[in-house]
There are 2 protein chains.
Amino acid sequence: MLSSLCKHEMPVPELSERAQYLLKALTERYIRDGQPVGSRTLAREAGLKLSPATIRNVIADLEELGLVTSPHTSAGRVPTVQGYRLFVDTLLSVQPLEHALLDELELNLGAEADSRELVETASSLLSDVTRLAGLVTIPRREHASLQRVEFLPLSEHKILAILVISDTEVQNCILNMDRAYSAAELQQFSTFLNEQFAGKEIHAVRNTLVSELRETRENLNRMMATAMDMADRVLGEAEQGSDYVLAGQANLMEFNELCNVTTLRHLFEAFNEKRQILNLLDQCVESEGVQIFIGEESGYQMLDECSLVTAPYTVDGQVLGVLGVIGPTRMAYERVIPIVDATARILSAALNPHD
Amino acid sequence: MLSSLCKHEMPVPELSERAQYLLKALTERYIRDGQPVGSRTLAREAGLKLSPATIRNVIADLEELGLVTSPHTSAGRVPTVQGYRLFVDTLLSVQPLEHALLDELELNLGAEADSRELVETASSLLSDVTRLAGLVTIPRREHASLQRVEFLPLSEHKILAILVISDTEVQNCILNMDRAYSAAELQQFSTFLNEQFAGKEIHAVRNTLVSELRETRENLNRMMATAMDMADRVLGEAEQGSDYVLAGQANLMEFNELCNVTTLRHLFEAFNEKRQILNLLDQCVESEGVQIFIGEESGYQMLDECSLVTAPYTVDGQVLGVLGVIGPTRMAYERVIPIVDATARILSAALNPHD
DNA sequence: CTTTAGCACTCCTCGCACCCGAGTGCTAAC
DNA sequence: GTTAGCACTCGGGTGCGAGGAGTGCTAAAG
């Protein structure tokens with residue numbers, strides 16, 4: 001399940017049992033109440049029978065290694081990005097999800113709705129349950145397979161193309177043509193295309209079309225050529241439909257560290273400027289299992305103080321998209337991770353054709 | 001153009017020429033730099049050759065009338081909601097739009113895109129140009145007329161219904177049926193419906209269907225009954241499609257008075273919780289011309305420190321939806337109003353069928 | 001009667017000094 | 001290796017005072 005948590009490998013320095021334990025305690029404490037945690041607190045917190053002074057020595061080592069840092073001379077310590085990484089990768093003990101929560105997720109994602117709706121529901125659910133901002137990419141059509149194509153005449157030079165991708169997903173687009181086509185002609189086109197390509201992957205269909213068109217245009221009769229040309233345009237539109245859904249941004253404002261208005265501003269600008277976040281999400285598509293980006297690791301400074309926890313969701317083993325949450329670095333990973341994981345699996349199940 | 005600015009009538013007390021002028025100057029000044037403005041400043045600002053003392057007397061009257069208020073004893077004055085209202089209704093001199101801006105709007109809303117896209121572009125444009133949050137309701141279909149209907153079989157019990165509303169707008173939905181239908185049957189249904197209802201308003205079609213079904217069910221043959229039933233379900237879906245698009249929320253954070261994180265929080269929660277804002281927008285639909293809600297006037301306390309400037313956009317005289325911006329009460333009305341007005345008109349033009 | 005000047009008063013803002021507490025690092029003793 | 005003790009640092013809160021902006025009132029001037 002957490003197969004790829006350790007993506008950002010680094011020479012993990014050998015840490016004593018104790019040091020690890022203290023880092024874990026420190027991080028958990030910091031996640032809990034957001035205050036830099038000092039040696040005295042830590043001594044009390046961790047069940048260890050050690051004096052603050054001893055703790056200080058260990059913590060000093062951790063600081064040396066860049067795992068924790070203090071905001072100013074006489075404050076407690078706070079995990080650094082590396083600290084979080086280590087914490088998440090090796091120290092974290094994820095809680096199993098309560099049944100109640102699982103049931104809620106399954107209930108809400110159980111209804112037969114179209115896939116777009118399901119995906120949006122998933123985003124809202126994530127945001128509700130985690131109190132962070134939930135986000136989900138909309139299924140990419142590249143890997144979906146084409147069930148059939150239909151063309152309807154709209155007006156003189158406009159044709160409505162309908163792409164049936166699955167029982168629950170349909171897409172249409174309007175084509176502006178250079179001449180008028182009769183209903184009969186259009187019927188021929190779609191019959192032809194359906195015979196040739198029904199059931200194939202959209203991406204493959206498109207490639208075939210392009211190459212066939214280029215290579216053997218002269219060998220095709222006029223009708224086929226037109227049909228393919230039209231299909232090509234439809235598929236082109238269909239492919240660039242990748243986008244994402246975001247819910248519950250307001251939750252982000254509950255966190256002190258994001259209360260800085262300029263930080264929030266950058267964040268919301270990033271949301272409006274979808275490209276950047278999409279890029280990030282794209283990176284998560286390949287890997288399976290939960291992925292975590294901590295702070296600057298994302299490579300986008302606008303997400304500096306945020307972490308991203310994502311998991312891909314699939315149909316028939318094909319990754320359709322990614323879902324997850326975005327929140328302050330200091331989020332309750334042990335809780336968020338299983339939630340994201342479960343949601344991804346339940347959404348996958350809901351999207352799988354079963355009737 | 002500004003036909004309905006004076007919606008919130010109130011017994012406007014007779015104000016001397018001078019008092020009006022000073023209220024205008026004060027409001028403009030306050031809008032410019034957000035600081036309470038004092039008598040000295042006002043004396044300099046307003047070209048009048050009056051001493052601060054005189055100004056103070058006049059301002060004291062304005063305060064008496066509830067048009068301005070001072071945040072604390074020895075600060076300058078700030079317009080109240082009533083003050084803004086008066087300002088907007090009777091004192092404001094709207095700037096004509098520069099040609100460059102008009103051109104930009106027309107250029108961006110000129111492309112042939114489908115209506116949904118146009119509407120989203122309008123929202124982004126508004127937000128870009130005004131540096132406020134732009135928002136636009138998605139065209140309501142109730143008043144749109146139906147060009148035709150098509151049904152396609154998807155699988156055993158699923159049918160794809162396609163609603164052609166105009167050359168540029170198509171909507172589809174998937175119907176789960178209780179038995180299988182052949183392509184031929186579906187063809188019959190759509191032919192029947194198209195003959196009966198093509199060109200009628202969706203709303204009207206639906207009403208007709210419902211009443212005919214109820215009254216004369218026994219007189220209809222089975223085929224027609226089924227066809228009507230199906231159409232009813234499609235139209236029902238089509239009608240509830242009202243929603244809105246929002247762009248540029250990040251802009252809101254540029255304003256000091258909204259930097260209060262809790263205020264922002266309420267605002268963003270309102271955006272997520274679409275209903276409230278939709279209600280507000282609905283109120284704007286009936287009236288023609290630019291509408292302005294100032295602060296608490298909206299009736300939603302979450303918009304307390306915000307104003308809403310909206311204008312409906314139309315096709316063939318039918319109001320399709322509303323567009324506008326939301327921003328702090330202290331916004332540059334004289335600039336925003338013509339922009340919203342122009343955008344509404346340009347969007348209307350772009351949506352009007354012309355080919 | 002309107003306008004103005006003068007003046008006392010209020011209240012916000014800012015800088016300053018201050019102290020307190022939390023926490024550290026170091027050293028020396030256990 | 002662990003602990004106690006101690007000096008030191010720094011941030012945050014508090015209290016005080018000066019400065020400034022602005023008001024309201026009154027009385028005199030136009």
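The chains referred to below are lettered A, B, ... by the order of the sequence lines, with proteins before strands, and numbering in each begins at 1.
- In summary, the side chains of Tyr333(B) and Ser307(B) do present a donor paired with an acceptor at a separation below 3.5 Å, with no hydrogens or angles considered.
- Side-chain atoms of Ser16(B) and Tyr21(B) include no donor-acceptor pair closer than 3.5 Å.
- Side chains of Ser51(A) and Thr54(A): a donor on one and an acceptor on the other come within 3.5 Å.
- Between Asn57(A) atom CG and dC26(C) atom C1' there is a gap of 10 Å when expressed in whole angstrom units.
- Between Ser39(A) and the phosphate of dT24(C), there is a side-chain N or O to OP1/OP2 separation shorter than 4.0 Å.
- Look at CG on Leu22(A): it is 11 Å from P on dT2(D), rounded to the nearest Å.
- For Arg40(A), counting side-chain heavy atoms from C-beta on, the closest listed nucleotide (dC10(D), dA4(D), dG23(C)) is dG23(C).
- For Thr41(B), the side-chain atoms get nearest to dG22(D) when compared with the rest of dG22(D), dG23(C), dG25(C).
- Evaluation of atom-type donor-acceptor distances gives a pair under 3.5 Å for the side chain of Arg56(B) against the base of dG24(D).
- Atom CZ in Arg29(B) sits about 13 Å away from atom P in dA21(D), given to the nearest Å.
- Distance CG (Leu50(B)) to C1' (dG30(D)): 14 Å, rounded to an integer number of Å.
- Between Leu62(A) atom CG and dG25(C) atom C1' the separation is 16 Å, expressed in whole Å.
- The base of dT3(C) is not paired with the side chain of Thr54(B) by any donor and acceptor separated by under 3.5 Å.
- Going from atom CD1 of Ile59(B) over to atom P of dT23(D) covers 8 Å, rounded to whole Å.
- Within the structure, a side-chain polar atom (N or O) of Arg77(A) is placed less than 4.0 Å from OP1 or OP2 of dG25(C).
- Map Ala53(B) and Ser74(B) each onto its nearest nucleotide of DNA chain C; the residue landing nearer the 5' end is Ala53(B).
- Glu28(A) and Arg32(A) are not joined by a salt bridge, as no carboxylate oxygen comes within less than 4.0 angstrom of a charged side-chain nitrogen.
- Of the listed residues (Ile326(A), Val309(A), Ile31(A), Leu308(A)), just one forms a side chain to side chain contact (heavy atoms under 4.5 Å, CB included) with Met331(A), and that residue is Val309(A).
- Thr73(A) comes within 4.0 angstrom of the backbone, heavy atoms only, and of no base.
- Put simply, CD1 on Ile55(A) is 18 Å from P on dA22(C), counting in whole angstrom units.
- A straight line from CG of Leu42(B) to C1' of dT4(C) spans 17 Å, rounded to a whole angstrom.
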